[in-house]
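A short worksheet on the structure shown next.
Just so it is clear, the structure is predicted and the values come from calculations on it, not from any experiment. This chain uses plain numbering: 1 for the first residue, then up along the sequence.
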Amino acid sequence: MNNEENIGDSEKSEDDFVKDLQKQIMQDIPFTNSFWAEDIAISLLSAVSGNLQFYTRVGRVPVNTWFMAIAQSSRGYKSPPLNYFLRPIIKKIEQKSGNLKWKILLPSSFSMEGMTEFLAKTSNRGIIVNDEISALFKATQGKGYTISLMEFLDRLFDGIVEPRYTRQYKLDELPDGAYVSLIGATTPTIYHVLDYDTFTSGFGMRFLYELWDPSQEIYYDVLQLFGSDSGARESILEKYAVPLSKIYSKDIIKTRVDDVVMVEFAKYRQELEDRASEEERRHNQNLANYIEKVSIYLFKLAPLFALSRNISSVANSQKEAVVDISVQDVERAYNKINRHIDNFKQILSNWNIYKNSKAVPISDYTPTYEAMVAFVREAGGAITTRSLAIKMGWLDANSSSGITEKYSEIIRSSIELHYLKKLSPEEIRSLPKETLEKLGISLIDKNGNPVKKLPYVVALPEFSVEALNNKIEEVK
């Protein structure tokens, strides 16, 4: 008797879970990045799919996924989709599953010993969700611990949990492997918190990264922000939690590929290998290594996309489900991986800028940067660094001395991290008379000659001298 139910080999089309949830997130939180919304949908599906079986010749490939978004604090809308979709949906899944086999939402902050014990005694299958992943490493700085933690996470990606015996923790049991997905967000301070060489030697190569410019203007229908009550909200969360809870409760979900799909896997894997070889010839070794590492996602994302397309059938199947992976699933996975490779290339470029700069490397100055931005905005979008230092309490208003090197470095790093920007002498000279007076800047000295050395002026990233002049002309 055949106890398997073949899914995905008919012409019947279903809703795509990932695309549907991505669209829902963008509708409810239009400020966020669409790719980040997709990552969150994939992460949810991955978190409950430890039972999804996909094999290559060397063995089973777990479909856990690791994503990280890097964007400015409070301006990239990284956390709202995690807080209003991912976490509450997981909680609903856990509630619906009743007698849990595993706790799905794993600790977001932990030590190696603590996580090893948790994986051994509580749950070895689920997802880590962390809104500020760099904080995980800042807490261990100066203890000779960060590198070991990164190595621990690097192995955890592969499901390997090794014994760590210490005087404080005498662990006598280990989980039988682990299946851990991870999704995290951080600010560009990660470039300062983590060591570049350590990051690019293992742990940092496991993530698929999202980068976006939060200063980019986003157009949306403001009416989309209103009109939903708590009942409607619960209904939306329920819509996604129900099929996921059924997927989670199944013992096994098998996958199948035909000869045509096998050829597609081989073709795209070779193309990734060729891209890695090309980067190696260009002496971009870290990028080449990353491409090699993330090529495994070809065999993670394609099965997840196949499950996503057939989620209703699989969830409601009374037999052991077998999902057919299509050529389109493999192509979709390949295209996504290539986009993340481009993002990682940008990360390496950013890191080299920060590594070679004199920007403050030791602490998270995010609250300081945000306070600076608030004062600049209060001043009309631009301010001299001396006036900013006085407002920040770094300099006495009656003092004739300059800004100390420490605070000068903070200002420079705020510019490098794109919280603020520096106005050039040409831009300052082009400012309207009213703005110059407000800034306390005179272009002519007491002898009637042009001032050669102008004050240092910082402005908000969106501040435009041209737009300001045009506005004044319109008023006139």
Side-chain angles (χ1 to χ4, degrees), residues 4-9 18 39 42-43 45-67 124-125 127 153-162 175-182 202-203 205-208 247 250-280 288-311 314 320-341 344:
E4 294 182 351
E5 182 174 349
N6 299 329
I7 295 171
D9 53 357
V18 169
D39 297 342
I42 292 171
S43 295
L45 188 58
S46 170
V48 300
S49 298
N51 50 8
L52 183 61
Q53 296 189 344
F54 179 81
Y55 287 89
T56 66
R57 286 187 177 182
V58 295
R60 183 180 176 184
V61 180
V63 295
N64 60 315
T65 57
W66 286 26
F67 291 101
N124 69 338
R125 209 166 93 175
I127 185 170
L153 290 170
D154 185 39
R155 291 190 292 272
L156 188 60
F157 177 85
D158 292 324
I160 300 170
V161 185
E162 297 176 345
D176 182 19
Y179 175 88
V180 178
S181 289
L182 192 157
F203 163 79
M205 301 286 191
R206 300 299 199 170
F207 287 90
L208 298 179
I247 295 295
K250 292 184 178 295
D251 292 325
I252 296 175
I253 301 173
K254 294 182 179 180
T255 57
R256 182 171 54 201
V257 297
D258 60 23
D259 291 343
V260 175
V261 176
M262 286 183 188
V263 170
E264 289 299 296
F265 268 120
K267 179 184 77 173
Y268 287 126
R269 178 63 185 88
Q270 185 60 54
E271 288 187 13
L272 290 170
E273 178 68 31
D274 292 343
R275 183 172 181 182
S277 299
E278 179 61 28
E279 294 300 339
E280 197 165 22
N289 292 345
Y290 179 75
I291 295 170
E292 284 290 347
K293 286 279 190 180
V294 299
S295 64
I296 190 65
Y297 277 99
L298 191 63
F299 306 108
K300 291 175 176 286
L301 293 173
L304 285 171
F305 288 145
L307 178 58
S308 175
R309 288 187 300 102
N310 298 284
I311 192 160
V314 175
E320 189 177 89
V322 181
V323 181
D324 286 298
I325 299 174
S326 71
V327 169
Q328 289 73 27
D329 297 324
V330 183
E331 183 179 10
R332 184 177 171 187
Y334 173 74
N335 290 336
K336 181 171 178 60
I337 291 166
N338 264 314
R339 188 179 59 77
H340 287 290
I341 290 171
F344 188 77

- Query: Which pairs count as salt bridge (charged side-chain N to carboxylate O under 4.0 Å, His left out) when at least one residue sits in residues 327-337, sequence neighbours excluded?
  - Reply: D16-R332, E38-K336, D39-K336, R309-D329

Side-chain ([X]) to main-chain ([Y]) donor-acceptor, under 3.5 angstrom:
X	Y	value
N64	V180	yes
S49	L45	yes
S308	V18	yes
S46	S181	no
Y297	W66	yes

- F67 side chain near H340 side chain, heavy-atom distance below 4.5 Å: yes

- Query: Mind checking whether Y290 and F344 have parallel, tilted or perpendicular rings, split at 30° and 60°?
  - Reply: parallel

- If the plane angle is over 60° it's perpendicular, under 30° parallel, otherwise tilted; pick one for F265 and F54. tilted

Between [atom1] on residue [X] and [atom2] on residue [Y], distance to nearest 0.5 Å:
X	Y	atom1	atom2	result
I325	E264	CD1	CD	12.5 Å
M262	T56	CE	OG1	11.0 Å
E271	I337	CD	CD1	11.5 Å
I127	Y179	CD1	OH	9.0 Å

- Only counting residues at least two apart or in another chain, list the ones meeting side chain to side chain donor-acceptor pair (under 3.5 Å) with E292. R269

- Note on the structure: The side chain to side chain donor-acceptor pair (under 3.5 Å) partners of E278 (sequence neighbours excluded) come to R281, R282

- Item | From V322, N310, V63, V314, residue fulfilling side chain to side chain contact (heavy atoms under 4.5 Å, CB included) relative to I253 | V314

- Note on the structure: Which of L182, D158, I296 passes side chain to side chain contact (heavy atoms under 4.5 Å, CB included) with R206? Answer is D158

